[in-house]
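The next block holds one structure in the form of structure tokens; read it before the comments.
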Amino acid sequence: MPNLVLPICYFPPISFWQHAIKANEVLLDSHEFYIKQTYRSRCKIYSVHGPQVLTIPLDKASSKTLMNTAELVEYEPWRKVHLKALEAAYSASPFFEFYIDELKPILFGNQKRLVEFNLAGINWINKVLDLDIQFTQTVDFQKEYPFQDLRPGKKNEFEPPANLPKYNQVFMDKGKSFVPNLSILDLLFNLGNEARVYLHG
């Protein structure tokens, strides 16, 4: 039985996965209202210029749009833009070439809705890192749950654990500072399977 509820995010940040691993069984909320400028449609990577936000454009999404009805925009080349950004940021990382061919079909999938697209990424990460997290989706909207709720806007807001340990990021050898709690893709491209060890802490 789930004991944690999380939003359905775009290649979620490291903290998402650390919370999820500890819970083991996680309820993903596909019936909440969409919240702009959150991890639901954004992920943060580490470019040569520092943290960079990749945003998924949605079709007429507002605060009254349910997550499971939010539709992806297809008249903008955002998928290609995101891929180019990932290539620029991580082509020199140790494990980029190992994972990029598996990532491309997800990034260029035929999903029409945000939830479906995000879930494809979440399920892929869960599989490729052998995390064994049991994800289920909501069947309706509930304002409160009788267990830990880390949806943004709640009392226990979705925040990273304190003092995330450092790991080697691509541009640190150029004098750049460590940036914590980026998208899980940053951890994957830099650590490969060792990302699983990092998440378990």
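Being a predicted model, the structure only gives us computed values, none of them experimental.
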- Message: Checking Leu103 against Leu188 for the side chain to side chain contact (heavy atoms under 4.5 Å, CB included) test, could you report, in this order, the C-alpha distance in whole Å, the side-chain angles of both residues, the deciding distance, and whether it holds?
- Response: CA-CA 11 Å; Leu103 177 60; Leu188 182 70; over 6 Å; no
Ignoring hydrogens, what is the shortest heavy-atom contact between [X] and [Y]? Give both atom names and the distance.
X: Asp149; Y: Lys143; value: OD2-O, 4.1 Å
X: Val115; Y: Gln137; value: CG1-OE1, 4.1 Å
X: Leu83; Y: Phe108; value: CD2-CE1, 3.6 Å
X: Leu6; Y: Ala20; value: CD1-CB, 4.2 Å
X: Lys36; Y: Ser62; value: CE-CA, 4.2 Å
X: Val170; Y: Ala92; value: CG1-CB, 4.3 Å

Can you check whether [X] reaches [Y] side chain to side chain, under 4.5 Å on heavy atoms?
X: Tyr34; Y: Leu58; result: yes
X: Met67; Y: Leu114; result: yes
X: Ile21; Y: Gln18; result: no
X: Asn3; Y: Gln148; result: no
X: Tyr198; Y: Asn190; result: no
X: Leu28; Y: Thr136; result: no
X: Leu187; Y: Leu182; result: no
X: Asp29; Y: Pro7; result: no

In Å and rounded to the nearest 0.5 Å, what is the [atom1] to [atom2] distance from [X] to [Y]?
X: Leu107; Y: Lys80; atom1: CG; atom2: NZ; result: 11.5 Å
X: Asn110; Y: Leu72; atom1: CG; atom2: CG; result: 10.5 Å
X: Ile45; Y: Leu54; atom1: CD1; atom2: CG; result: 4.0 Å
X: Cys43; Y: Leu86; atom1: SG; atom2: CG; result: 6.5 Å
X: Phe96; Y: Asp101; atom1: CZ; atom2: CG; result: 9.0 Å
X: Gln169; Y: Ser177; atom1: CD; atom2: OG; result: 9.5 Å

For the residue pair [X] and [Y], does the interplanar ring angle fall in the parallel (under 30°), tilted (30 to 60°) or perpendicular (over 60°) class?
X: His82; Y: Trp78; value: perpendicular
X: Phe189; Y: Tyr99; value: tilted
X: Tyr167; Y: Phe178; value: perpendicular
X: Phe135; Y: Trp17; value: perpendicular

- Task: Count the heavy atoms belonging to other residues, nucleotides or ligands that lie under 6.0 Å from CZ of Phe98, then report whether that count exceeds 12.
- Result: no
Within the side chain of [X], is there an N or O that forms a donor-acceptor pair under 3.5 Å with the backbone of [Y]?
X: Thr65; Y: Ala70; answer: no
X: Lys176; Y: Val48; answer: yes
X: Tyr46; Y: Tyr90; answer: no
X: Thr138; Y: Ser30; answer: yes

- Item | Transitive ILVMFWY side-chain link Phe16 to Leu150, under 4.5 Å | yes
- Could you state whether Leu129 and Ile100 fall into the same hydrophobic cluster, counting links through intermediate Ile, Leu, Val, Met, Phe, Trp or Tyr residues with side-chain heavy atoms under 4.5 angstrom apart? yes
- Message: Using the rule given for side chain to side chain contact (heavy atoms under 4.5 Å, CB included), can you reason through Asp59 versus Val73, listing the C-alpha separation, both sets of side-chain angles and the distance that settles it, and then say yes or no?
- Response: CA-CA 5 Å; Asp59 189 17; Val73 163; 4.2 Å; yes
- Query: So does Lys112 pair up with Glu74, basic N to acidic O under 4.0 Å?
  - Reply: no
- Query: What do you reckon, are the aromatic ring centroids of Phe117 and Tyr10 less than 6.0 Å apart?
  - Reply: yes
- Message: Assess the residue pair Leu199 and Ile184 against the criterion (side chain to side chain contact (heavy atoms under 4.5 Å, CB included)); give the C-alpha distance rounded to whole Å, side-chain angles, the decisive distance to 0.1 Å, and a yes or no.
- Response: CA-CA 10 Å; Leu199 293 174; Ile184 187 65; 4.0 Å; yes
- Give the intermediate values and the outcome of side chain to side chain contact (heavy atoms under 4.5 Å, CB included) for residues Val5 and Gln142. CA-CA 11 Å; Val5 59; Gln142 286 186 226; over 6 Å; no
